[in-house]
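First up is the structure itself, then whatever we jot down about it.
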Amino acid sequence: MINYREILFLSYEKKMGSREIAASVRCSKSAVNEFLSRFERCDRNLLSYPLGEDVTNERIREVLYKQQGNISKSAHYREPDYAAVVSAMKNKGETLKRQWRKYFSAGVVEGKEPYGYRQFCQRMADWVCDQETVSHILRNPGENMELDFAGMKLRLKSANPSEDGVEVVIFVATLSYSAYFYAEGLVCCDEENWIRVCNNALSFFGGVTPIVTPDNCKVAVNHNRDWVEPSLNETFQNWADHYHTAILPAAVRSPRWKPMVENSVGVVTRDILAEMNEMVFFSLADLNAELMRRVEERNAENFRGLDFSRRDKFLEFEKPALLPLPSEMFAVTQKRTAKVAGDLSVFFDGNHYCMTKRWVGSTVEIRASYSKVSIYTRTGTLIKTYPRCHGRHEWVYDETTAPKTASDFSYWSPDYFKAKATAIGPNTKAVVERILASRRYPNQTFRACMGVISLAKKHGVDALEAACMHALEAHRPNYTFVRDMLASSDHVVLNRQDEPAPRMRYKADDSQYSLEHLLRAQEADG
């Protein structure tokens, strides 16, 4: 708006010409002349110089430029349905330009023309301001990180055409000052994955903010009936304590409490997910790699009408203000109780973690994170810590727990199991010997050897010998194969009705007879 008070001051006090006044207030010479002419003709009871302190530029404009007896230009234009437009804008991916096109496509209605796009936007903004006035919140660099999920989801393609694939939820984190944002897809939004993506966001930003404002999802907030004392998820609170930050969740159904991440969600949905939704992904890693590439591109784009980007603002102002990351990232801890077995190990998540003989038979507590496994006594005393093994059926040990002699297992020893297997038959003995040789330390195979020998009590020595023979032929001399053979109906080679075989009790000195009988049985089996 033209500064009318300044024009009057320069004209009456400084005695400046209209050209000089126009250059000073940055408007045209004709506009200055028109204004001074109107001021000279107006009623002195309404306006006179010097002006009073309560006379504003708006008041001057209202008095001098009010058109009396003429029809307003707005009466020639068709007003949009403001409430309907605002309601439609709540839909995912909706834009004001799309709403204007729908409004404009109706054309002239009842002799009234539609507004152009700029006038449409301006009138919408004026209407919204009249309905509800909100104040701007001052954002400081490195102060707050806002967390939310995008409403639009992606989907992983399944290799099986009959399956629909897996839905992928998009997590978004945004720094409030620079609007620098991070996004990642996850297929399961449980506590462990929530903590993982929050850790990844902090690593992406390279620091921690003193305040974190999440949405009211269950992995972050138990309940938030009033914003004064929300109940936080215990694991997420432990995460905050680890990084020395405070969690201040947004009020329920109040997106203005986290406006920057809401804006980022809109950017991700319109500019990234809408295009990625037409792409095909077979793995979450490929999807996240493409998502991160697009996030980096969007962060590097300049703001509209400005010569700097989110990344520029982040690097210059916000990154130096972030708190440093701790040496170790927070990890969700799994707790289990287990008993130290006779082979000097505790079994956790498919792997064996070795212990010393002192703890055999004791019940211990296992606390495992993604990177390490800690073993405690029932009273909370730390016994041993190992790097976590993510394989299957692995043995984890170090110098203090590596098996050294068979005396650690009392009467269990390689000779003990060989003697037991020899008493059953040569095939069982061969399988046991192969199992003993399969590990660096024979002690690690004692459970499997005992398992094979124990199968004779349930299925009989003849059936066990036949199963072990097939295990040797198949080059799979292990407990699992022998057990499955005995559990199926295909292993019975000694109990054919056309060639009944007598039940035999093998001894250590009759291996020749046993071998001949088994070879004959093998020929009969074809």
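Worth saying up front: this structure is predicted, and the values here are computed from it rather than measured. Count residues from 1 along the sequence.
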Worksheet item: Looking at Tyr376, does the NZ or CZ of Arg367 lie under 6.0 angstrom from its six-membered ring centre and within 45 degrees of the ring axis?
Response: yes

Worksheet item: Is there a ring pair (Phe, Tyr, Trp, His ring centres under 6.0 Å) between Phe171 and Trp194 once you walk through the steps?
Response: CA-CA 9 Å; Phe171 165 83; Trp194 170 255; 5.6 Å; yes

Item to complete: May I ask you to test the Trp100-Cys121 pair for a side-chain heavy-atom distance under 4.5 Å?
Response: no

Worksheet entry | Asp312-Ser309 side chain donor-acceptor pair, cut-off 3.5 Å | yes

Worksheet item: If you count the non-hydrogen atoms of other residues, nucleotides and ligands that lie under 6.0 Å from CZ in Arg294, is the total more than 12?
Response: yes

Worksheet item: Would Arg293 and Glu296 pass as an ion pair if we require N to O under 4.0 Å?
Response: no

Discussion item. Is it the case that the side chain of Asn427 and the backbone of Cys468 share a donor-acceptor pair, with hydrogens and angles ignored and the cut-off at 3.5 Å?
Written reply: no

Worksheet item: Can you check whether Ala84's main-chain N or O pairs, donor with acceptor, with Ser87's side chain at less than 3.5 Å?
Response: no

Practice prompt. To the nearest 0.5 angstrom, please state how far the CD atom of Glu184 sits from the SG atom of Cys198.
Written response: 10.0 Å

Fill in: Ala456 to Leu464 - nearest heavy-atom pair and separation
CB-CD2, 3.7 Å

Fill in: Separation of Lys429 NZ from Thr422 OG1 (nearest 0.5 Å)
4.0 Å

Discussion item. Is there a side chain to side chain contact (heavy atoms under 4.5 Å, CB included) between Thr337 and Val364? Walk through the geometry before answering.
Written reply: CA-CA 6 Å; Thr337 56; Val364 296; over 6 Å; no

Worksheet item: Should the pair Phe308 and Phe303 be assigned to parallel (<30°), tilted (30 to 60°) or perpendicular (>60°) ring geometry?
Response: perpendicular

Discussion item. Please check if the number of heavy atoms outside Arg298 that lie under 6.0 Å from its CZ is greater than 12.
Written reply: yes

Discussion item. Is the shortest side-chain heavy-atom distance between Ile366 and Tyr353 below 4.5 Å?
Written reply: no

Discussion item. Looking at every non-hydrogen atom in both residues, tell me the closest pair between Leu322 and Gly142 and how far apart they are.
Written reply: CD2-CA, 3.8 Å

Worksheet item: Should the pair Lys319 and Phe205 be classed as cation-pi, given the thresholds of under 6.0 Å to the six-membered ring centre and 45° from the axis?
Response: no

Worksheet entry | Polar side-chain atom of Thr445 near backbone of Ala448 as donor-acceptor pair, under 3.5 Å | no

Item to complete: Output yes when a side-chain donor or acceptor of Asn199 lies under 3.5 Å from a complementary backbone atom of Met329, and no otherwise.
Response: no

Worksheet item: Closest approach of Pro426 and Glu465, non-hydrogen atoms and distance?
Response: CD-OE1, 3.3 Å

Worksheet item: Side-chain contact, heavy-atom cut-off 4.5 Å: Ile247 with Pro249?
Response: yes

Worksheet entry | Contact summary for Asn351 and Cys389, nearest pair of heavy atoms | ND2-O, 3.2 Å

Item to complete: Examine distances only and state if a side-chain atom of Lys258 and a backbone atom of Glu262 form a donor-acceptor pair shorter than 3.5 Å.
Response: no

Worksheet item: Does NZ or CZ of Lys313 fall inside the cone over Tyr180's six-membered ring, less than 6.0 Å from its centre and within 45° of the axis?
Response: no

Fill in: Contact check, side chains of Ser345 and Val340, non-hydrogen atoms, under 4.5 Å
no

Fill in: Minimum heavy-atom distance Gly185-Asn288, with the two atoms named
N-OD1, 2.7 Å

Item to complete: Consider only side-chain N and O atoms of Asn144 and Thr209, and report whether a donor and an acceptor are under 3.5 Å apart.
Response: no

Enumerate donor-acceptor pairs with a distance under 3.5 Å from any side-chain N or O in residues 276-287 to protein atoms, sequence neighbours excluded.
from   : atom 1 : to     : atom 2 : distance (Å)
Ser283 : OG     : Asp286 : N      : 3.3
Ser283 : OG     : Asp286 : OD2    : 3.0

Worksheet item: Would you call Arg196 and Glu192 a salt bridge, taking side-chain N to carboxylate O under 4.0 Å as the test?
Response: no

Item to complete: Rounded to the nearest 0.5 Å, what's the gap from CG on Asn200 to OH on Tyr182? Could you check?
Response: 4.0 Å

Worksheet entry | Minimum heavy-atom distance Cys354-Tyr386, with the two atoms named | O-OH, 2.8 Å

Worksheet item: Hey, are Asp241 and Gln237 close enough side-chain-wise for a donor-acceptor pair under 3.5 Å?
Response: yes

Discussion item. Under the criterion side chain to side chain contact (heavy atoms under 4.5 Å, CB included), I'd like the reasoning laid out for Thr213 against Met145: C-alpha separation, chi angles, the key distance, then a yes or no.
Written reply: CA-CA 6 Å; Thr213 302; Met145 179 177 70; over 6 Å; no

Worksheet item: Side-chain donor-acceptor pair under 3.5 Å between Glu146 and Thr174, yes or no?
Response: no

Item to complete: Report yes if the side chains of Val208 and Pro324 come closer than 4.5 Å at any heavy-atom pair, otherwise no.
Response: no

Worksheet item: Rounded to the nearest 0.5 Å, how far apart are CD of Glu297 and CD1 of Ile272?
Response: 8.5 Å

Worksheet item: Sub-3.5 Å donor-acceptor pair from the side chain of Arg388 to the main-chain atoms of Val373, do we have one?
Response: no

Practice prompt. Taking the side chain as every heavy atom from C-beta outward, state whether Ser178 and Glu318 have any pair of such atoms under 4.5 Å apart.
Written response: yes

Discussion item. The test is side chain to side chain contact (heavy atoms under 4.5 Å, CB included); show your working for Arg155 and Val166 and say whether it passes.
Written reply: CA-CA 5 Å; Arg155 185 174 291 274; Val166 181; 5.9 Å; no

Fill in: Any side-chain heavy-atom pair of Val212 and Leu147 under 4.5 Å
yes

Discussion item. Is it the case that the side chain of Asp271 and the backbone of Val268 share a donor-acceptor pair, with hydrogens and angles ignored and the cut-off at 3.5 Å?
Written reply: no

Fill in: Ion pair Arg311/Glu301, N-O distance below 4.0 Å
no

Discussion item. With a 4.5 Å cut-off on side-chain heavy atoms, are Tyr479 and Asp484 touching?
Written reply: no

Discussion item. Donor-acceptor pair, distance only, cut-off 3.5 Å: does the side chain of Asn478 make one with the backbone of Thr480?
Written reply: yes

Worksheet item: With no hydrogens and no angle check, is any side-chain donor or acceptor of Thr428 less than 3.5 Å from a backbone partner on Ile424?
Response: no

Practice prompt. Under the ring pair (Phe, Tyr, Trp, His ring centres under 6.0 Å) rule, collect the residues that match up with Phe181, sequence neighbours excluded.
Written response: none

Item to complete: Test ring pair (Phe, Tyr, Trp, His ring centres under 6.0 Å) on Tyr103 and Tyr117 and set out the steps.
Response: CA-CA 10 Å; Tyr103 157 79; Tyr117 178 63; over 10 Å; no

Worksheet item: Measuring from Asn140:CG to Tyr177:OH, what's the distance to the nearest 0.5 Å?
Response: 8.5 Å

Discussion item. For the CD1 atom of Ile195 and the OG1 atom of Thr235, what is their distance to the nearest 0.5 Å?
Written reply: 6.5 Å

Discussion item. Quick one, Cys449 with Leu436, criterion side chain to side chain contact (heavy atoms under 4.5 Å, CB included). Give me CA distance, side-chain angles, the key distance, then yes/no.
Written reply: CA-CA 8 Å; Cys449 293; Leu436 288 169; 3.7 Å; yes

Worksheet entry | Main-chain N/O of Met260 paired to Ser264 side chain as donor or acceptor, under 3.5 Å | yes

